[in-house]
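Heavy-atom basis, side chains included; hydrogens, waters and symmetry copies ignored. Just so it is clear, the structure is predicted and the values come from calculations on it, not from any experiment.
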Amino acid sequence: MEARSPIPPRQQIRALHTESTVTVYQAYGPELGPAAARDGRFPAAWKRERMTWVKPSFLWMMYRSGWGTKEGQRTVLAVEIRRDGFNWALDHACLSHYVRELHGQPGDWKRELKRAPARVQWDPERDLHLRALPYRSLQLGLVGEGARRYADEWIVGIRDVTPLAHRVHALVRDGRLDAARGLLPIERVYAGARAAPEAGGMPPGP
């Protein structure tokens with residue numbers, strides 16, 4: 001059974017970060033992931049006009065990608081980006097779903113969402129068995145100016161952490177949870193930016 005720590009606030013940004021950078025995770029197929037890790041930037045095939053979602057939670061990325069085994073997500077990347085870029089995205093973000101107490105009329109929210117270069121979504125954090133926990137982690141969607149800045153200005157480095165994902169998964173399968181936990185990135189509470197939009201009483205996601 002996993003050891004229990006004090007439950008964090010329902011919505012809280014936690015990330016591997018330094019004074020100047022924040023690490024987020026994405027997963028890609030063979031046409032994008034290996035090249036990005038090799039070159040430290042996304043290749044020309046990476047579509048800057050599309051929405052891209054980044055996750056500061058390693059375990060949420062493991063949940064999303066099936067420990068880096070799902071089709072199209074078999075290369076898990078740790079993307080280290082500039083902290084001022086991450087803060088800019090939070091400052092310009094709109095919540096990904098409508099909450100009357102925050103947005104007033106649905107039309108107001110739709111207009112804000114259409115203009116915003118970033119979107120915030122709060123999804124249940126995951127434990128080592130990828131079960132939902134009673135608190136949430138940030139997903140940050142970047143589109144338009146946000147996606148272009150992310151790809152062309154904010155990236156400091158890109159690492160392929162698929163081997164780490166597979167090692168942790170193997171330890172979990174073997175029941176060696178303490179060893180698995182010891183390999184996880186250290187994700188501390190992230191402060192210093194304006195608070196991201198909160199989900200209020202309407203939880204997104206499963």
Query raised in the report: Can you list the steps and then say if Leu138 with Leu90 is a side-chain contact (heavy atoms from CB on, under 4.5 Å)?
Result: CA-CA 10 Å; Leu138 175 77; Leu90 294 178; 4.1 Å; yes

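- Tested against Phe86, the residues Ile81, Asp91, Thr21, Thr23 include a single side chain to side chain contact (heavy atoms under 4.5 Å, CB included) partner, Ile81.
- Note: Leu142 CG to Met51 CE = 8.0 Å, rounded to the nearest 0.5 Å.
- Panel note: side chain Ser137, backbone Asp123; no donor-acceptor pair is recorded below 3.5 Å.
- Note that the NE2 atom of His17 and the CZ atom of Arg188 stand 3.5 Å from one another [nearest 0.5 Å].
- Looking only at side-chain heavy atoms (C-beta outward), Thr52 and Arg50 stay at 4.5 Å or farther from each other.
- Annotation for Lys70: atom NZ counts as buried by contact number, over 12 foreign heavy atoms lying within 6.0 Å.
- The backbone N or O of Trp122 sits less than 3.5 Å from a side-chain atom of Arg136, completing a donor-acceptor pair.
- Between Tyr63 and Pro124 there is no side-chain heavy-atom pair separated by less than 4.5 Å.
- At least one side-chain heavy atom of Leu171 sits under 4.5 Å from a side-chain heavy atom of Leu183.
- Separating the CZ atom in Arg10 from the CD atom in Gln12 is a distance of 13.0 Å, to the nearest 0.5 Å.
- Here the closest heavy-atom approach between residue Pro9 and residue Tyr135 is recorded as O-CB, 3.5 Å.
- Not a single donor-acceptor pair under 3.5 Å links the side chain of Gln139 to the backbone N or O of Trp53.
- For the pair Val189 and Ile13, the minimum side-chain heavy-atom distance is 4.5 Å or more.
- Hydrophobic clustering of Ile, Leu, Val, Met, Phe, Trp and Tyr side chains at less than 4.5 Å, counting indirect connections, unites Leu16 with Leu184.
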Donor-acceptor list for residues 28-41 side chains, cut-off 3.5 Å, not counting sequence neighbours:
{"residue": "Tyr28", "atom": "OH", "partner": "Gln26", "partner atom": "OE1", "Å": "3.2"}
{"residue": "Tyr28", "atom": "OH", "partner": "Gln26", "partner atom": "NE2", "Å": "3.2"}
{"residue": "Tyr28", "atom": "OH", "partner": "Trp46", "partner atom": "NE1", "Å": "2.9"}

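- The shortest distance between side-chain heavy atoms of Leu140 and Val120 falls below 4.5 Å.
- Leu59 has its side chain within reach of Trp67: a pair of non-hydrogen atoms, C-beta onward, lies under 4.5 Å apart.
- Between His169 and Met62 the shortest side-chain heavy-atom distance does not fall below 4.5 Å.
- Using a 4.5 Å cut-off on side-chain heavy atoms (C-beta onward), Pro56 and Glu187 make no contact.
- Within the 3.5 Å criterion, the main-chain N or O of Trp88 finds a donor-acceptor partner in the side chain of His92.
- Looking at every heavy atom in both residues, Tyr25 comes nearest to Ala78 through CE2-CB, 3.6 Å.
- Val156 and Tyr190 end up in different hydrophobic clusters when Ile, Leu, Val, Met, Phe, Trp and Tyr side chains are linked at under 4.5 Å.
- Crowding of Arg159 atom CZ: a count of heavy atoms from other residues, nucleotides or ligands under 6.0 Å not exceeding 12.
- Between Ala165 and Phe58 the shortest heavy-atom distance is CA-CZ, 4.1 Å.
- For the pair Arg149 (side chain) and Trp154 (backbone), a donor-acceptor distance under 3.5 Å is absent.
- The environment of CZ in Arg74 is crowded: more than 12 heavy-atom neighbours from other residues, nucleotides or ligands sit within 6.0 Å.
- Summarising the geometry, atom CG belonging to Leu130 is positioned 10.0 Å from atom CD belonging to Glu125; distances are rounded to the nearest 0.5 Å.
- A distance of 13.0 Å separates CZ in Arg176 from CG in Leu128, rounded to the nearest 0.5 Å.
- Between Gln73 and Val76 the shortest heavy-atom distance is O-CG2, 4.2 Å.
- Checked for salt-bridge contact, Asp152 and Arg148 miss the test: no charged N lies under 4.0 Å from a carboxylate O.
- A donor-acceptor pair under 3.5 Å is absent between the side-chain atoms of Trp60 and the main chain of Arg126, judged by distance alone.
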